[in-house]
Amino acid sequence: MKIVRTDSELQVPLVDATLRDQGHELILLPDGVSEADLIAAVADADLILMCYRPITAAVITAAANLKGIVKYGVGIDAIDIPAAIARGIPVVNIPEYAEETVAEGAFALMIALAKKLQPLGRAMQRDGWAWPEQHWLGSDIAGKTLGIVGLGKIGKSMARMAGAGFRAKVIAFSPGMSAGDMEAVGVEKRDDLHQLLTESDFVSLHCVLNDNTRGIIGADELRAMKLGAYLINTSRGALVDQDALLRALDEGWIAGAGLDVFANEPLRRRGHQLSPLFDHEQVILSPHLTFYTHDAMHRLEAETLERCHEALAGQPVRVTSQDPRLRAQTAGVVFD
Ligand SMILES: NC(=O)c1ccc[n+]([C@@H]2O[C@H](COP(=O)([O-])OP(=O)(O)OC[C@H]3O[C@@H](n4cnc5c(N)ncnc54)[C@H](O)[C@@H]3O)[C@@H](O)[C@H]2O)c1
Ligand SMILES: O=C(O)[C@H](O)CO
């Protein structure tokens, strides 16, 4: 069988070696591959294995022999799902390889922001020391309110860390989830996003990216946040209006942001200048790698191989059995 794997920068040596040992033809393409080259490569492919690189309707249409698309990761927002449904192509992801991993990454950003670790470190590198001046005052997490937008697997894991571990109050906005289910994980439900934003000292985004959530944090939402609050985004960059975020940071509507994901990745230079986000003292950047630990990659590789084998064998693909949303999606219903 012919398998095209995009995003070859992300190394999955066990996946590559096993598929080749099994006699499959494996074509590796970098993240920056052009649409034309991707279309040419998939023309006679049986399987597309993708992570970040958009798999558009044109790519899906061009792949005449396609038996499945396997996302080696969680978020399937870069795949044109309606185009896959139209052709009856199963789409599978690996929903549970990194729930604790990404929650820990979001938590690391939260602690670093609260304790001003990045600007303090920079000041020490620059000046050798930093004296206890007012602008270095950090904040505790204990006793503060963490607002989680999207209480799914990663959101719940973050809630456990903040509530049980750090004694923060945790509230969440996650339509479709009952107050009782939230209470069971120590979280108070908020039915209104703005209500959550006005109450939270830290807001962490963990909702899926879809047509309902794109731009869910815009200027109005950033203005609704407490002065002195921090925004953390490890989910998808397009959840946040990046220009509004820059304004919020420039004008002090919020105290800072911890960002692992961006609307356009890699976060590129604008003309000859780096994105203004690079210049902000109160922003911590991470290059979409909160999932990237030895432990999570080990789980990801093992599960990816299983899903590839199922798809290539034409077995009734377990359309992400743990993820009812994706199952619903393949029947043509978009998200909850
Ligand atoms: N940065 C990384 O390395 C990394 C790694 C893995 C996943 N992710 C991202 O994290 C996201 C969450 O992953 P997960 O495993 O927790 O997914 P999940 O499916 O378990 O949870 C997503 C949650 O979003 C909620 N949601 C849907 N619409 C919403 C809305 N309008 N407002 C608020 N919440 C809404 C859903 O009800 C669900 O609870 C993924 O979609 C992916 O984009 C990032
Ligand atoms: O969704 C995921 O698993 C990561 O963000 C990589 O795409």
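Atoms within each ligand, like the ligands themselves, are counted from 1 in listed order. Just so it is clear, the structure is predicted and the values come from calculations on it, not from any experiment.
In the vicinity of Y97, heavy-atom distances shorter than 4.0 Å reach the ligand 2 atoms 2 (C), 3 (O), 4 (C). Against a heavy-atom cut-off of under 4.0 Å, V208 is close to the following atoms of ligand 1: 22 (C), 24 (O), 27 (C), 41 (O). Within the listing of ligand 1, atoms 24 (O), 25 (C), 33 (C), 34 (N) sit less than 4.0 angstrom from a heavy atom of G150. Listed by atom number, the atoms of ligand 1 under 4.0 Å from T213 heavy atoms are 28 (N), 29 (C), 30 (C), 31 (N). Each of the atoms 1 (O), 2 (C) of ligand 2 lies under 4.0 Å from some heavy atom of G75. Counting atoms of ligand 2 from 1 in the listed order, those under 4.0 Å from a heavy atom of G73 are 3 (O).
One option in I216, V74, I76 has a heavy atom closer to atom 6 (C) of ligand 1 than any other, and that option is V74. One option in S235, A106, P175 has a heavy atom closer to atom 9 (C) of ligand 1 than any other, and that option is S235. Taking each of F173, Y97, F291 in turn, the one with a heavy atom nearest to atom 3 (O) of ligand 1 proves to be F291. The option from K71, H288, M50 that lies nearest to atom 7 (O) of ligand 2, judged by heavy atoms, is K71. Considering only non-hydrogen atoms, atom 2 (C) of ligand 2 lies nearest to V74 out of L289, I76, V74. Closest to atom 15 (O) of ligand 1 by heavy atom, among E99, K153, E96, is K153.
Within the 4.0 Å heavy-atom criterion, the part of D260 lying near ligand 1 is the side chain and not the backbone. With a heavy-atom cut-off of 4.0 Å, H288 touches ligand 1 through its side chain alone. Contact annotation for H206 and ligand 1: only backbone heavy atoms (N, CA, C, O) come within less than 4.0 Å of the ligand. Residue contacts with ligand 2 for R236 involve side-chain atoms from C-beta outward but no N, CA, C or O (heavy atoms, distance under 4.0 Å). Contact annotation: for Y292 versus ligand 1, there are no heavy atoms closer than 4.0 Å. Neither the backbone nor the side chain of L193 comes within contact range of ligand 1; no heavy atom lies under 4.0 Å. Counting heavy atoms closer than 4.0 Å to ligand 1, residue V102 contributes side-chain atoms (C-beta onward) but none from N, CA, C or O.
Between L289 and D260, the shortest heavy-atom contact is N-OD1, 2.9 Å. Minimum heavy-atom separation, E25 to I27: OE2-CD1, 3.6 Å. Considering every non-hydrogen atom in both H206 and G150, the closest pair reads CB-O, 3.3 Å.
At under 3.5 Å, a nitrogen or oxygen of T234, whether backbone or side chain, sits near a nitrogen or oxygen of ligand 1. The shortest N or O to N or O distance between T290 and ligand 1 is under 3.5 Å. Looking at D77 next to ligand 1, no N or O pair under 3.5 Å apart turns up. Ligand 1 has an N or O atom lying under 3.5 Å from an N or O atom of G152, backbone or side chain.
The shortest separation from a heavy atom of Y72 to ligand 2 is not under 4.0 Å, leaving the residue out of contact.
Heavy atoms from other residues, nucleotides or ligands lying under 6.0 Å from CZ of R20 number more than 12.
Ring-plane geometry between F202 and Y230 is classed as parallel, the angle between the planes falling under 30 degrees on a 0 to 90 degree scale with a further cut at 60.
When ring centroids are compared, Y97 and H298 stay outside the 6.0 Å threshold.
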S157 and E100: side chain to side chain donor-acceptor pair (under 3.5 Å), yes or no, with the steps? CA-CA 6 Å; S157 176; E100 305 291 343; 2.7 Å; yes

Dump the intermediate steps for side-chain contact (heavy atoms from CB on, under 4.5 Å) on L277 and F262, then the final yes or no. CA-CA 10 Å; L277 282 172; F262 307 90; 4.2 Å; yes

